[in-house]
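Quick notes on the structure that follows.
What's counted below: heavy atoms across the whole structure, side chains too, no hydrogens, waters or symmetry copies. All values reported here derive from a predicted model rather than from experimental measurement.
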Amino acid sequence: MADQYSLYDAKANLSRIVRQVRESGTSVVITVHGEPAVELRAYKSLPDDIEARWSELEARGMISRPAGRPGDAPWKPVAKRSGALARFLADRDDA
């Protein structure tokens, strides 16, 4: 189980807590009024290759392949045309 600190204690000992998390690789939970509010964990850079990212997320159980999709089938983009995000943001700004 992760260590827990109140928000007050976390503010007073932030440098020590960050050092602890970086060195041990474990996470720390910060509570507000006794309730878990935030989890602090060491930063881990993601691989540059999208296939490696998908595989990592799949291994961690955060995503799963759709039924009938073979394990080695390449991932396909969802957007039909490039620039979908720019179009979305432009439409949102116009509204």
Side-chain angles (χ1 to χ4, degrees):
M1 180 173 177
D3 289 338
Q4 289 191 356
Y5 293 91
S6 69
L7 182 59
Y8 177 84
D9 290 337
K11 287 192 298 185
N13 298 294
L14 185 60
S15 295
R16 183 180 59 77
I17 294 171
V18 168
R19 198 170 28 256
Q20 170 191 340
V21 168
R22 288 182 69 197
E23 291 172 359
S24 69
T26 60
S27 62
V28 167
V29 174
I30 299 172
T31 62
V32 176
H33 302 296
E35 295 294 321
V38 178
E39 180 182 19
L40 180 66
R41 61 177 182 244
Y43 177 79
K44 179 181 170 190
S45 63
L46 297 172
D48 289 334
D49 178 31
I50 190 70
E51 292 292 328
R53 288 185 190 182
W54 282 112
S55 297
E56 181 180 334
L57 290 172
E58 190 174 28
R60 291 169 49 191
M62 298 181 80
I63 62 169
S64 61
R65 293 179 188 267
R69 182 178 169 82
D72 59 348
W75 292 94
K76 296 180 183 174
V78 176
K80 301 294 183 195
R81 298 182 309 176
S82 63
L85 178 60
R87 288 191 305 278
F88 169 77
L89 293 174
D91 287 346
R92 186 184 70 174
D93 291 339
D94 291 340

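Note: I63 CD1 to R53 CZ = 12.0 Å, rounded to the nearest 0.5 Å. The line from CD1 of I17 to CG of D3 is 9.0 Å long, rounded to the nearest 0.5 Å. One finds the CG atom of D9 at 12.0 Å from the CG atom of L14 (value rounded to the nearest 0.5 Å).
Sorted pairs that involve residues 12-30 and meet salt bridge (charged side-chain N to carboxylate O under 4.0 Å, His left out), not counting sequence neighbours, are lacking altogether. Under the salt bridge (charged side-chain N to carboxylate O under 4.0 Å, His left out) criterion, the residue pairs touching residues 28-44 are E39-R41, K44-E56, with sequence neighbours excluded.
Under the side chain to side chain contact (heavy atoms under 4.5 Å, CB included) criterion, T31 pairs with Q4, S6, V29, not counting sequence neighbours.
Here the shortest heavy-atom pairing between V28 and V21 reads CG2-CG2, 3.4 Å.
The number of heavy-atom neighbours closer than 6.0 Å to CG of D49, taken from other residues, nucleotides and ligands shown, is above 12.
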side-chain contact (heavy atoms from CB on, under 4.5 Å) between Y5 and N13: does it pass, once the steps are laid out?
-> CA-CA 9 Å; Y5 293 91; N13 298 294; 5.6 Å; no
